[in-house]
Amino acid sequence: MAERGFIDLHTHGWSRWDTRGGSAEAICALAEAQGAAGAAAILPTVYAAPVQVMRRNVRSIALAMQMKPRAGAARILGAHLEGPFLNPSRAGALRKEAFVPPSLSVLKGLLGGFEDVVRVITVAPELKGAPGVIERCASLGIRVNMGHSEATWKQALRGKEAGAAGVTHLFNAMRPFHHREAGLAGLGLLDEELYVEVIADGVHLSAEALRLVFRVKRPERILLVSDSIKGPMYRGKVLQGSTKLLPEAFSVLEQAGVARRRIALASRENPRRYLGLRSL
């Protein structure tokens, strides 16, 4: 499936470039690589790190947004912050030492001057102080995803009620679904309003899990993302992210039996709707 014009809302890097170096040129190179693969737009995703480091990396994205892109480059829509208000017990490949308890004062220091650049932030809703942070972000027009989380169903629902609109990489780095406690994963699957990110690289989710998501979840609320990274997919036995961009995910989904129209919806129309984009 040669799908073009997709939007990748969760991409840390690829090949030789990523969002960690504070380099606007690296962000532009990532946009060019994504554009060559068929992306219309991307949301470069900043790793959890000390606040000043995250701000430096957001600044590089802001500068890249102002630079004249090369022909064919994906449009840089802003930044997705994956942290720092995350649960250390579900750190995954992120540095849990960089996680901090949610607070409005830390949020102010993180966002100050970049409120118009940050488009999405991932927060663990069960943490003390998280509802207030979620409410504040939502009031600023920043979309909040819930993720890297031990949240129960009730805690996740409270996060949604505070203003969270999505779930970061469904099933990954969160409390596993259990038949007596469906948790964040269960709420993400069953809630009619929440959006869910899906990594369809053939590693993060099995073909059976992908079929489950696309059969159960409301089609208009699935967001296909790459979670692409610079470097190897694994660090030891820890799955860090994906080394594949979305075109390879399209093939994985087709092989899993997902209809092309649903793939196009999850990679093009749904991301636009999630960010409130009328056009690119």
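All values derive from a computational prediction rather than experimental measurement.
L190 meets the side-chain contact (heavy atoms from CB on, under 4.5 Å) test with W153, V216; sequence neighbours excluded. Among residues two or more places apart in sequence or in another chain, the salt bridge (charged side-chain N to carboxylate O under 4.0 Å, His left out) test is passed with D227 by none. A search for salt bridge (charged side-chain N to carboxylate O under 4.0 Å, His left out) contacts involving E150 returns R90, R175, not counting sequence neighbours. Every residue meeting the salt bridge (charged side-chain N to carboxylate O under 4.0 Å, His left out) condition with E220, not counting sequence neighbours, appears here in chain and number order: R218.
Using a 4.5 Å cut-off on side-chain heavy atoms (C-beta onward), L277 and R119 make contact. Counting only heavy atoms from C-beta outward, the side chains of Y274 and I7 never approach each other to under 4.5 Å. Counting only heavy atoms from C-beta outward, the side chains of R55 and R59 approach each other to under 4.5 Å. The shortest distance between side-chain heavy atoms of M54 and L110 falls below 4.5 Å. Within the 4.5 Å cutoff, no side-chain heavy atoms of N145 are placed close to those of Y195. Looking only at side-chain heavy atoms (C-beta outward), L223 and V198 stay at 4.5 Å or farther from each other. Inter-residue side-chain proximity for K244 and S228 is flagged as unmet; no heavy-atom pair is nearer than 4.5 Å. When side chains are defined from C-beta on, M146 does not count as touching E126, because their heavy atoms never get closer than 4.5 Å.
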Taking only distance into account, with no hydrogens and no angle test, what donor-acceptor pairs under 3.5 Å do side-chain atoms of residues 36-49 form with protein atoms, sequence neighbours excluded?
from, atom 1, to, atom 2, distance (Å)
T45, OG1, T11, N, 3.2
T45, OG1, L43, O, 3.1

Apply ring-ring contact (aromatic ring centres under 6.0 Å, His included) to the pair H204 and H169, showing each step before the final yes or no.
CA-CA 9 Å; H204 283 77; H169 43 53; 7.5 Å; no
ring-ring contact (aromatic ring centres under 6.0 Å, His included) between H80 and H12, worked out:
CA-CA 9 Å; H80 175 172; H12 294 279; 7.7 Å; no
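Checked against the 6.0 Å centroid criterion, the rings of F177 and F171 do not qualify as a close aromatic pair.
Sorted by first then second residue, the side-chain hydrogen bond (donor to acceptor under 3.5 Å, both in side chains) pairs that include residues 101-111, not counting sequence neighbours, are S103-S105.
Looking at Q240, its side chain does come within 3.5 Å of a backbone N or O of P232 through a donor-acceptor pair. For the pair E181 (side chain) and H178 (backbone), a donor-acceptor distance under 3.5 Å is absent. Distance alone, capped at 3.5 Å, places no donor-acceptor pair between the E135 side chain and the V133 backbone. Formation of a donor-acceptor pair under 3.5 Å by the R262 side chain with backbone atoms of I222 is not found in this model.
Minimum heavy-atom separation, R221 to N270: N-ND2, 3.9 Å. Annotation for A249 and L224: closest pair CB-CD2, 4.4 Å, computed over non-hydrogen atoms.
Atom CZ of R136 is surrounded by 12 or fewer heavy atoms from other residues, nucleotides or ligands within 6.0 Å.
No donor-acceptor contact under 3.5 angstrom links the side chains of S60 and S23, judged on distance only.
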